[in-house]
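Remember, it's 1-based here, ligands and their atoms both numbered in the order they're listed.
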Amino acid sequence: MRKVLNFSAGPAVLPDEVLLKAQTEMFDWEGSGISVMEMSHRGTQFETIMENAMTDLRDLLELSDDYEVLFMQGGATSQFSVVPLNLMREGKSADYVCTGQWGKKALKEAKMFGKVNLVASSEETNFYDIPEFETWDLDPQAEYVHITGNETIGGVEFHWVPETGEVPLVSDMSSHFLSRHIDASKYGVFYAGAQKNVGPAGLTIVVVQRSLIGRSDRLIPSMYDYDNFAKSGSMSNTPPCFSIYVSGLVFKWLKRQGGIRAIEEKNIKKAELLYHYLDNSDFYQTFVSKDCRSRMNIPFKTVDQNCDIKFLKEAKINNLHELKGHRSVGGMRASIYNAMSIDGVKVLLDFMRDFEKKNG
Ligand SMILES: *Cc1c(COP(=O)(O)O)cnc(C)c1O
């Protein structure tokens with residue numbers, strides 16, 4: 001284990017093994033004599049890196065041929081407009097569910113492209129829960145339904161998949177991508193920026209059902225066009241080569257861990273450890289409803305604000321970094337992505353217990 005434990009929400013911790021491998025290969029990738037950063041993206045060497053990353057990711061997700069994997073750029077935020085550009089035909093509408101700040105942003109951006117309906121929101125209850133599906137005001141004519149699978153800021157996660165019937169379901173999975181098993185066939189599109197749970201910033205992963213590609217009658221700039229990315233194997237221009245390479249190393253690492261189901265079990269254990277302790281403490285508080293607590297991002301507070309500040313200061317001295325909550329929420333937030341070990345969570349818990357003893 002490294003000296004510092006990094007609980008950042010993103011860019012976030014990467015597995016030691018992956019960083020070490022990248023370090024070893026930094027100056028000379030597999031005898032090529034050059035760094036991945038220096039390679040032509042059209043050369044056979046990078047072609048291999050690209051193909052392996054795509055194949056490993058498809059394996060991890062158990063994707064059928066009905067789905068296309070696209071390696072795009074611009075972050076998850078760019079998908080807030082890329083999704084409506086590709087999926088929402090002129091004059092049609094889309095349904096949005098807001099369970100946190102990211103969903104709100106996605107909705108705002110989509111409004112540039114047509115009619116957008118807010119069909120369910122938990123803003124009134126401070127985004128502490130997910131509105132029950134029965135209350136969603138869904139439009140059967142909508143082009144798609146957009147949800148945020150895991151709200152990184154508030155720590156609210158879907159542990160169920162909305163059944164939207166014929167209407168394609170779209171999910172922003174940025175902060176829980178590859179952290180849990182999903183049935184891809186339930187989704188029309190899901191996307192994630194790499195820097196939360198996959199690799200370095202720069203790569204944006206989009207998984208899209210083939211039948212939805214080319215659906216839009218709009219003029220779409222080629223860099224935002226799913227069809228262009230699908231046809232060119234995400235290589236119509238220079239891709240974020242290094243980010244794809246490191247993400248590919250993470251996919252291999254995930255496979256060595258036993259794949260998604262194995263990592264999910266580990267993630268459940270880590271989250272349970274933290275929530276169990278928080279639930280049994282009078283000193284710390286969490287706010288999100290139990291049935292939609294995030295396994296990845298766990299916000300909490302102590303009894304008062306000054307104590308939170310003290311917590312963060314002392315945590316840092318103890319090599320527990322990036323625990324500050326998002327400015328809109330305050331307090332603390334522990335992001336415990338795939339690459340955070342169970343031992344890492346236990347170190348955090350020991351510190352929290354100790355801090356409670358001294359300040360509770
Ligand atoms: C971080 C995050 C985003 C924004 O990602 P960028 O890559 O910075 O654009 C969007 N949605 C969710 C759920 C996130 O966690």
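Between R261 and E62 there is a salt bridge, since at least one side-chain N of the basic residue sits less than 4.0 Å from a carboxylate O of the acidic one. One finds a salt bridge joining R353 and D350 here, because a Lys/Arg side-chain nitrogen approaches an Asp/Glu carboxylate oxygen to under 4.0 Å.
Taking the ring-ring contact (aromatic ring centres under 6.0 Å, His included) definition, one finds that Y67 meets it with nothing, sequence neighbours left out. With sequence neighbours excluded, no residue satisfies salt bridge (charged side-chain N to carboxylate O under 4.0 Å, His left out) with E322. Among residues two or more places apart in sequence or in another chain, the salt bridge (charged side-chain N to carboxylate O under 4.0 Å, His left out) test is passed with E132 by none.
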Please tabulate protein-ligand N/O pairs under 3.5 Å for ligand 1, atom names and distances to 0.1 Å.
from: ligand 1; atom 1: 7 (O); to: A76; atom 2: N; distance (Å): 3.2
from: ligand 1; atom 1: 7 (O); to: Q195; atom 2: NE2; distance (Å): 2.9
from: ligand 1; atom 1: 9 (O); to: A76; atom 2: N; distance (Å): 3.2
from: ligand 1; atom 1: 9 (O); to: T77; atom 2: N; distance (Å): 2.9
from: ligand 1; atom 1: 9 (O); to: T77; atom 2: OG1; distance (Å): 2.5
from: ligand 1; atom 1: 11 (N); to: D172; atom 2: OD2; distance (Å): 2.6
from: ligand 1; atom 1: 15 (O); to: T152; atom 2: OG1; distance (Å): 2.3
from: ligand 1; atom 1: 15 (O); to: K196; atom 2: NZ; distance (Å): 2.7

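Cation-pi geometry between K196 and W102 is met: under 6.0 angstrom from the ring centre, within 45 degrees of the axis.
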